[in-house]
Structures are given as structure tokens and as C-alpha cells.
Amino acid sequence: MSTLVDDRDLASSLDCPVVEGKRLVQHVTPRTADVGGIPVNRVLPSRQRRLVGAWCFLDHAGPAVFKGDSRGLRVGPHPHIGLQTFTWMIAGEVLHRDSLGNRQVIRPGQVNLMTAGRGISHTEESVPGESQLHAAQLWIALPEADRRTDPRFDHYPDLPSWEEQGVAFTLLTGEFAGRRAPTLAFSPLVGLDLVSREASRLRLTLRQDFEYGVLPLEGELAIEGDRFATNELAYLGRGRDEVSLDLPEGGRAILIGGEPLGEEILIWWNLVGHSKAEIAEAQRDWEAGSERFGRIPDYDGEPLMPPPLPWQA
């Protein structure tokens with residue numbers, strides 16, 4: 001049985017409390033949202049937890065099956081600053097286009113990583129004829145020193161993968177179990193996809209200076225007897241050197257972690273910044289059609305526009 005702890009005590013803490021000799025795990029509940037016509041479960045940011053390392057945003061999209069004349073995912077031109085968008089594709093195919101001129105279809109088992117830096121815009125669309133979508137879409141906040149870096153796009157079709165303890169591992173970013181992913185990072189991070197071929201008890205070695213979260217994508221999981229439903233984030237905090245997970249047959253989860261960023265991060269619409277002024281400037285530039293965010297001329301639709309800034313209301 002879980003021991004209840006006030007979320008207000010946990011939301012700002014990097015260390016889950018120890019009760020009766022057991023380190024607790026925070027339950028972070030998702031909320032539903034719509035992205036490009038696809039329902040998603042949004043886990044980060046929330047009132048319960050805003051960051052896990054530099055990971056500042058986490059959507060679980062799908063699994064979705066498109067019926068009839070649905071065009072699937074369709075997200076029009078929109079801007080980003082101060083972050084990296086990180087897409088891990090599980091099922092389906094999506095076309096990425098950006099204002100640097102990149103066009104890239106992402107397929108299952110691949111990662112698309114777009115570094116916004118000082119400013120970029122992009123679109124995302126299911127490829128014609130695609131009937132499904134299942135993906136984890138995350139944002140990584142850039143440290144203040146790197147927030148105005150040059151924008152770029154990277155595609156990673158080959159990632160370290162292996163099997164042990166009845167589980168298939170894919171290392172999405174960072175280092176784990178003596179392996180290193182090629183994924184570009186600006187702060188110490190790790191991302192790991194876990195798929196259980198059979199009901200498995202899995203013991204993972206962790207870094208005590210990292211904070212971690214585990215999100216079940218398919219099926220529930222248990223962490224040292226504490227059960228987590230699909231789309232319910234298990235926040236482990238920092239200070240652990242290992243964790244034990246129970247996964248069901250066919251279960252899937254993603255582990256994210258990183259060194260605590262130690263900087264205040266503000267998120268508004270599709271913009272990540274270190275100050276309100278920085279975000280307001282980017283929003284004005286986008287609304288004015290500034291060359292800062294470029295153009296995506298071959299998209300047959302209107303750009304997305306943000307709501308009014310809340311601190312100007």
C-alpha cells in the first residue's frame with residue numbers, strides 16, 4: 001500500500017522522502033491534451049512535477065489508429081526557442097519539416113532531435129496513407145549558457161539496443177550500462193526505452209547525482225511494490241543507486257533522467273526561456289513574421305498562433 005505524501009511537499013523537492021525505512025516514489029498523474037488532432041497524455045510539466053533533469057515536457061501520443069478520411073497527425077508551422085524537441089517513434093511514420101530546409105521521415109525505432117536555440121520553426125505530419133501513430137514526444141530545456149545556440153536538426157536511425165533480464169533495451173540518449181548513445185545533449189541526461197518480452201523483474205543501476213522518472217507506455221508497472229498505471233509517471237528523485245521494476249508481458253516504459261538543471265525554466269506555449277522578457281520577445285517576433293523563425297513554404301496550411309501572454313492580460 002502506498003504511503004500518501006502531500007504533492008506540495010514533493011513538487012519542489014528532488015529527494016523523495018524516506019518513510020519507515022523505505023524511499024517513496026511520487027505519483028505524477030497525466031492530463032489529456034490534443035496535438036495536431038491526436039489525443040495525448042501530457043505528464044510534464046504539471047503542478048506535481050515540472051522537471052526531471054533538463055527534461056521539461058513529456059507527451060505520450062497514442063497508440064492511435066486513424067479511420068476514414070483522417071489525415072492523422074497534422075501540426076502546422078510553429079516556433080521554438082531555448083529547447084530541444086525529442087521524438088521517439090514507436091509506431092507509424094511522421095514527416096518533419098523545418099525552417100532550415102530539413103525534411104525527414106521518422107520511423108519506428110528512431111529519434112528526431114531538433115535544437116531550437118535562438119529560434120526555429122517546424123511542422124509535423126503523418127505521411128500519406130499512414131494509419132497509426134505511437135510516440136513519446138519530449139522537450140529538453142537548454143541551459144542558460146546554451147539557450148541562444150545555433151538551431152539545428154539531427155536524425156538518429158541507429159541507437160544502442162540489447163536484451164537482458166527478459167527485457168529489450170534501447171538507449172535513446174546519454175550513457176547506460178557501459179553504452180553511449182550518439183544523441184546530441186547540452187546537459188548530462190539519459191533516456192531509455194524498455195520492452196518486456198515476458199513478465200519480468202528488472203533491476204536498473206542508477207546514478208545518485210541524477211534524478212529519474214519512469215513512465216509506463218503500455219501496461220502498468222510496479223516499483224518495489226508500488227503500482228503505476230499506464231501514463232502515470234513514477235518520479236524517483238535522486239540519491240538512488242538502483243531501482244527494481246516489475247513489468248508485465250508486453251509491457252513498455254520509458255526511463256528519463258539527468259543531472260538537476262538548477263536553473264529556473266519558464267514554459268509558455270511552444271517557447272522555453274529563462275525570463276518572461278525572453279519569451280515575450282520571441283512571441284512578438286513570431287506574430288510579426290520575423291525572419292528569426294524562417295519559413296516552411298511547402299506546407300499547405302496556416303501557421304499556428306499563440307494565445308495572449310498571461311502576464312500582459
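These values consider heavy atoms only, across backbone and side chains, with no hydrogens, waters or symmetry-generated copies. Since we're looking at a predicted model, the values are computed, not measured.
- To the nearest 0.5 Å, atom CG of residue D246 and atom CZ of residue F228 are 12.0 Å apart.
- Within the 4.5 Å cutoff, the side chain of H96 has no heavy atoms near those of the I106 side chain.
- The existence of a salt bridge linking R97 and E124 is excluded, since no basic side-chain nitrogen approaches an acidic carboxylate oxygen closer than 4.0 Å.
- At distances below 3.5 Å, not a single donor-acceptor pair connects side-chain atoms of R240 with backbone N or O atoms of R238.
- In this structure, D59 contributes its side chain and A61 its backbone to no donor-acceptor pair below 3.5 Å.
- The two atoms that bring Q283 and W268 nearest to each other are OE1-NE1, 2.8 Å, heavy atoms only.
- Proximity of a side-chain donor or acceptor of H80 to a complementary backbone N or O of H78 within less than 3.5 Å is not detected.
- For R201, the CZ atom is loosely surrounded, since the number of other residues' heavy atoms within 6.0 Å does not exceed 12.
- Considering only heavy atoms from C-beta on, C56 stays 4.5 Å or farther from L44 through its side chain.
- Within the 4.5 Å cutoff, the side chain of I120 has heavy atoms near those of the L100 side chain.
- Among all heavy-atom pairs drawn from P182 and L159, the shortest one is CD-CD2, 4.1 Å.
- Residue-environment remark: CZ (R180) stays at or below the threshold of 12 foreign heavy atoms within 6.0 Å.
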Would you please test R103 and E125 for salt bridge (charged side-chain N to carboxylate O under 4.0 Å, His left out) and show each step?
-> CA-CA 11 Å; R103 294 174 57 95; E125 298 175 87; over 6 Å; no

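- The environment of CD in Q208 is crowded: more than 12 heavy-atom neighbours from other residues, nucleotides or ligands sit within 6.0 Å.
- The two atoms that bring P260 and D209 nearest to each other are CD-O, 3.3 Å, heavy atoms only.
- Side chain of T115 to main chain of G117: no donor-acceptor pair is present (N/O by atom type, distance under 3.5 Å, no hydrogens or angles).
- The shortest side-chain heavy-atom distance between Y299 and R74 falls under the 4.5 Å cut-off.
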Passes side-chain contact (heavy atoms from CB on, under 4.5 Å), I256 versus V190? Steps please.
-> CA-CA 6 Å; I256 58 173; V190 68; over 6 Å; no

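- If you check the side chains of Q110 and H155, you find a donor sitting under 3.5 Å from an acceptor.
- H60 and N231 share a side-chain donor-acceptor pair at under 3.5 Å.
- V127 belongs to a hydrophobic cluster whose other members, connected by ILVMFWY side-chain contacts under 4.5 Å either directly or through intermediates, are L95, V105.
- Side-chain atoms of S200 come within 3.5 Å of backbone atoms of E198 as a donor-acceptor pair (strictly under, hydrogens ignored).
- By the rule that hydrophobic residues join a cluster once side-chain heavy atoms approach within less than 4.5 Å of another member, F176 and V243 end up as members of one cluster.
- S187 contributes no side-chain N or O that, together with a main-chain N or O of A54, makes up a donor-acceptor pair within less than 3.5 Å.
- Between R203 and E242, at least one side-chain nitrogen of the basic residue sits less than 4.0 Å from a carboxylate oxygen of the acidic one, meeting the salt-bridge criterion.
- Here the closest non-hydrogen pair linking G92 and P108 is O-CD, 3.2 Å.
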Kindly indicate, with the supporting measurements, whether the criterion side-chain contact (heavy atoms from CB on, under 4.5 Å) is fulfilled by T32 and N41.
-> CA-CA 5 Å; T32 57; N41 283 277; 4.2 Å; yes

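- What you find for I81 and G119 is that their closest heavy atoms are CG2-CA, 4.0 Å.
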Which is it for Q137 and F86 under the side-chain contact (heavy atoms from CB on, under 4.5 Å) test, yes or no, and what are the steps along the way?
-> CA-CA 6 Å; Q137 295 195 302; F86 187 106; over 6 Å; no

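- Side-chain atoms of E211 and Y235 include a donor-acceptor pair closer than 3.5 Å.
- Rounded to the nearest 0.5 angstrom, E232 CD and Q26 CD are separated by 10.5 Å.
- No cation-pi contact links R292 to W286, judged by a cut-off of 6.0 Å to the six-membered ring centre and 45° from its axis.
- Distance check: Q84 CD to R152 CZ gives 9.0 Å after rounding to the nearest 0.5 Å.
- Using modelled atom types, one finds no donor on one side chain facing an acceptor on the other under 3.5 Å when comparing E93 with S126.
- Considering L24, L204, L206 as possible partners of L236, the one that fulfils the side chain to side chain contact (heavy atoms under 4.5 Å, CB included) test is L206.
- Of the options E278, E263, H274, a side chain to side chain donor-acceptor pair (under 3.5 Å) to R147 is made by E278 and by none of the others.
- Residue P307 comes nearest to W269 through the heavy atom pair CD-CD1, 4.0 Å, listed as atom of the first residue, atom of the second, then distance.
- At distances below 3.5 Å, at least one donor-acceptor pair connects side-chain atoms of S196 with backbone N or O atoms of P248.
- Side chain to side chain, S244 and E224 fail the donor-acceptor criterion of an N or O pair below 3.5 Å.
- Q104 CD to T87 OG1: the interatomic distance, rounded to the nearest 0.5 Å, is 11.5 Å.
- Residues I279 and L309 are in side-chain contact: their nearest non-hydrogen atoms beyond the backbone lie under 4.5 Å apart.
- Using a 4.5 Å heavy-atom threshold, the side chains of L133 and V94 count as touching.
- Hydrophobic clustering (side-chain heavy atoms under 4.5 Å, transitive across Ile, Leu, Val, Met, Phe, Trp, Tyr) groups Y156 together with F186.
- Of the candidates V167, I90, L194, R252 forms a side chain to side chain contact (heavy atoms under 4.5 Å, CB included) with just one, namely I90.
- Within the 4.5 Å cutoff, the side chain of V43 has heavy atoms near those of the V28 side chain.
- Linking ILVMFWY residues whenever their side-chain heavy atoms come closer than 4.5 Å, directly or via other members, places F210 and L192 in the same cluster.
- Rounding to the nearest 0.5 angstrom, the gap separating the CZ atom in R207 from the CD atom in E175 is 7.5 Å.
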Checking side-chain contact (heavy atoms from CB on, under 4.5 Å) for the pair L217/I254: CA distance, chi angles, key distance, verdict?
-> CA-CA 7 Å; L217 301 178; I254 186 171; 4.2 Å; yes

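- L138 contributes atom CG, which lies 4.5 Å from atom CG of L58 (distance to the nearest 0.5 angstrom).
- Hydrophobic clustering places L221 together with Y212 (ILVMFWY residues linked when any side-chain heavy atoms are closer than 4.5 Å, directly or through intermediates).
- L304 and L73 fall within a single hydrophobic cluster, where Ile, Leu, Val, Met, Phe, Trp and Tyr side chains are chained together by heavy-atom contacts under 4.5 Å.
- S99 places a side-chain N or O within donor-acceptor distance of the main-chain N or O of S121, the cut-off being under 3.5 Å.
- D34 and R42 are not joined by a salt bridge, as no carboxylate oxygen comes within less than 4.0 angstrom of a charged side-chain nitrogen.
- Looking at H122 and P77, their side chains never come closer than 4.5 Å, going by heavy atoms from C-beta outward.
- With T123 contributing its side chain and V75 its backbone, the two residues share no donor-acceptor pair below 3.5 Å.
- A donor-acceptor contact shorter than 3.5 Å is absent between the side chain of T85 and the backbone of W139.
- When each of D150, D285, D146 is tested with R118 by the rule salt bridge (Lys or Arg N to Asp or Glu O under 4.0 Å), just one qualifies, namely D150.
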